[in-house]
There are 2 protein chains.
Amino acid sequence: MPAPNRPMPVDMLCFAVYSAAHAFNRAYRPLLARHGLTYPQYLVLLLLWADDGQTVSELGAPLFLDSGTLTPLLRRLESAGHIRRERDREDERQVRIRLTGRGRALEAELADVPAAIGCAVGMPAAELRELTGRIRELGRTLRATAGSEMDGDGDGA
Amino acid sequence: MPAPNRPMPVDMLCFAVYSAAHAFNRAYRPLLARHGLTYPQYLVLLLLWADDGQTVSELGAPLFLDSGTLTPLLRRLESAGHIRRERDREDERQVRIRLTGRGRALEAELADVPAAIGCAVGMPAAELRELTGRIRELGRTLRATAGSEMDGDGDGA
DNA sequence: CCTAATTAAATTGCGCGCAATACATCTAAT
DNA sequence: ATTAGATGTATTGCGCGCAATTTAATTAGG
């Protein structure tokens, strides 16, 4: 009889993605910790530096995060003095997130972070773009399939 | 003067990996939740099905997880009746993790999970292997660079 | 108008993931 | 044997991430 041929984490696409995500988190941690930031907080700041005054939902959409995650995260950014949160005058349901001077100043202080991470990745720009595109496409496919019950006969990623 | 040319999450490799990891988690969730399992718990069970009686450290090594994460996770698997935890007679520092009958039975009950995920990924086997290998290599590179201070001039992944 | 349905945030509860620390056991060196 | 160091787990504290629920504000319908 043939061996069970079980999928092992080390061989699985899902696990490669899972552990690479943790590896990125660990790479960012020392760079961001000296400013008291976490990686998800840094992502939110990137969005705000590009477009200040977004609502919680507008920030959550590109990050695929909801208010359950963002509300406490934003509260921490607020108590650290990086942002302010104010109800929208036009629609009081919404909360607009605005950078403080301190929050804006962080952009310059963290300007070298992308280069440091790029160095840690150690990949030519072209390959980096190509790999990023393939993983983004993977995410899109997974999100598209999610919710619909699955019982096909794929390869066990 | 040129635009600031800020890195945006949507364009970054780290974010593609981050959001793909969450997408996998969401894809696994409904498949595992009916058995009361989480994705990391499923990874541990995969290792145990292949080799029962491993120590906490032996389980943690391939997953890049330490006892701070595994101890409570294993306690939950134990109270769910899937595993037993017993101190090693030879070396009482170590804790050996052994499947119960219930834990072993889960392997058959979850046999269709890999296929369901493979279907959600929707990728030819050859491409799947190639992409898995590239992301694993990315993780290896990041872990190798982690710890050493970085201040090069990469591309901002 | 006034209600019903919708929408935006916030809240609650739980399970990671990890740094830092504590504790027990084992090993080595004297 | 005693002690010092190393090793394996456990504990504590904090910040996500997400499902489920709640609250408040807006919109739509009658």
Side-chain angles (χ1 to χ4, degrees), chain A residues 15 18-30 32-44 54-61 63-80 85-97 139 143 146-147, chain B residues 15 18-30 32-44 54-61 63-80 85-97 139 143 146-147:
Chain A
F15 177 73
Y18 163 90
S19 58
H22 292 328
F24 264 122
N25 204 339
R26 284 190 285 267
Y28 272 102
R29 187 179 302 271
L32 299 176
R34 54 173 130 259
H35 299 276
L37 295 175
T38 65
Y39 176 65
Q41 289 170 12
Y42 175 67
L43 292 179
V44 167
Q54 295 184 70
T55 67
V56 174
S57 296
E58 286 168 348
L59 291 170
L63 303 177
F64 308 105
L65 295 176
D66 66 355
S67 71
T69 299
L70 285 176
T71 294
L73 183 156
L74 292 168
R75 213 169 31 209
R76 283 184 282 271
L77 281 180
E78 182 178 40
S79 57
R85 306 160 71 232
E86 40 198 41
R87 291 274 163 189
D88 189 315
R89 289 281 182 279
E90 313 263 319
D91 185 343
E92 297 247 337
R93 291 173 303 183
Q94 300 184 123
V95 170
R96 300 233 161 243
I97 309 300
R143 280 185 293 272
Chain B
F15 177 72
Y18 163 88
S19 59
H22 292 328
F24 264 122
N25 204 339
R26 285 190 283 270
Y28 272 101
R29 187 179 299 273
L32 300 176
R34 52 172 132 260
H35 300 276
L37 294 174
T38 65
Y39 176 65
Q41 290 170 11
Y42 175 66
L43 292 178
V44 167
Q54 296 183 69
T55 68
V56 173
S57 297
E58 286 168 348
L59 291 170
L63 302 177
F64 309 106
L65 296 176
D66 66 356
S67 71
T69 298
L70 285 177
T71 294
L73 184 154
L74 293 168
R75 214 169 29 210
R76 282 184 282 271
L77 281 180
E78 182 178 41
S79 57
R85 306 160 71 232
E86 39 197 43
R87 290 273 162 190
D88 189 315
R89 289 278 184 280
E90 312 264 319
D91 185 344
E92 297 246 339
R93 291 172 303 182
Q94 300 184 126
V95 171
R96 300 235 162 242
I97 309 300
R143 280 185 293 271

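The chains referred to below are lettered A, B, ... by the order of the sequence lines, with proteins before strands, and numbering in each begins at 1. All of these numbers come straight from a predicted model, not from anything done at the bench.
- Considering only side-chain N and O atoms, B/Y39 lies nowhere under 4.0 angstrom from the phosphate OP1 or OP2 of C/dG15.
- Atom OG1 of residue B/T71 and atom CZ of residue B/R76 lie 10.5 Å apart, to the nearest 0.5 angstrom.
- Nearest-nucleotide positions on DNA chain D for A/D88 and A/L65 put A/L65 closer to the 5' end.
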Exercise. Test ring-ring contact (aromatic ring centres under 6.0 Å, His included) on B/Y28 and B/Y42 and set out the steps.
Key: CA-CA 9 Å; B/Y28 272 101; B/Y42 175 66; 5.8 Å; yes

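- Tested against B/R96, the residues B/E90, B/E58, B/E86 include a single salt bridge (charged side-chain N to carboxylate O under 4.0 Å, His left out) partner, B/E58.
- Rounding to whole angstrom units, CG of residue B/L59 and P of D/dT9 are separated by 9 Å.
- Nucleic acid contact for B/R96: none, since no nucleic acid atom lies under 4.0 Å from a heavy atom of the residue.
- Contact annotation: A/Y18 side-chain N/O to C/dC16 OP1/OP2 distance is not under 4.0 Å.
- Taking CZ from A/R87 and CZ from A/R89, the interatomic distance works out to 11.5 Å, rounded to the nearest 0.5 Å.
- Residue B/Q41 contributes atom CD, which lies 8 Å from atom P of C/dG15 at whole-angstrom precision.
- C/dA10 atom C1' lies 12 Å from atom CG of A/L74, rounded to whole Å.
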Self-check item: side-chain contact (heavy atoms from CB on, under 4.5 Å) assessment of A/Q54 paired with A/V44
Solution: CA-CA 10 Å; A/Q54 295 184 70; A/V44 167; over 6 Å; no

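- Note that OG1 of A/T55 and CG of A/D88 are 8.5 Å apart. Values are rounded to the nearest 0.5 Å.
- Residue B/L73 is the one, among B/L73 and B/D66, whose nearest nucleotide of DNA chain C lies closer to the 5' end (criterion: closest heavy atom).
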Between the protein and nucleotides 11-14 of chain D, which nitrogen or oxygen pairs come in under 3.5 angstrom?
from, atom 1, to, atom 2, distance (Å)
D/dT11, OP2, B/R75, NH1, 2.8

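- A/L43 places its CG atom 10 Å from the P atom of D/dC16, with the value rounded to the nearest Å.
- In this structure, B/T38 reaches the C/dC16 phosphate: one of its side-chain N or O atoms is under 4.0 Å from OP1 or OP2.
- For the pair A/E58 CD and C/dA9 P, the computed distance is 8 Å after rounding to whole Å.
- Side-chain contact between B/N25 and B/T38: absent, with no pair of heavy atoms (C-beta onward) separated by less than 4.5 Å.
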Set out, line by line, the N/O atom pairs under 3.5 Å between protein and nucleotides 5-8 of chain C.
from, atom 1, to, atom 2, distance (Å)
C/dT7, O2, A/R93, NH1, 3.1

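- Note: CG (A/L32) to C1' (D/dC16) measures 14 Å, nearest angstrom.
- Close to C/dA10, at under 4.0 Å from its OP1 or OP2, lies a side-chain N or O of A/R85.
- Contact between A/A21 and B/A21 at its shortest, heavy atoms only, is CB-CB, 3.9 Å.
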Contacts table for residues 63-70 of chain B: side-chain donor-acceptor under 3.5 angstrom, sequence neighbours left out:
from, atom 1, to, atom 2, distance (Å)
B/D66, OD1, B/G68, N, 3.2
B/D66, OD1, B/T69, N, 3.3

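- Minimum interatomic distance between B/R85 and B/V95 (heavy atoms only, all atoms of both residues): CB-CG1, 3.9 Å.
- Here the C1' atom of nucleotide C/dT27 and the CD atom of B/E92 are 16 Å apart, to the nearest Å.
- In this structure, the CD atom of B/E90 is 15 Å from the P atom of D/dG8, given to the nearest Å.
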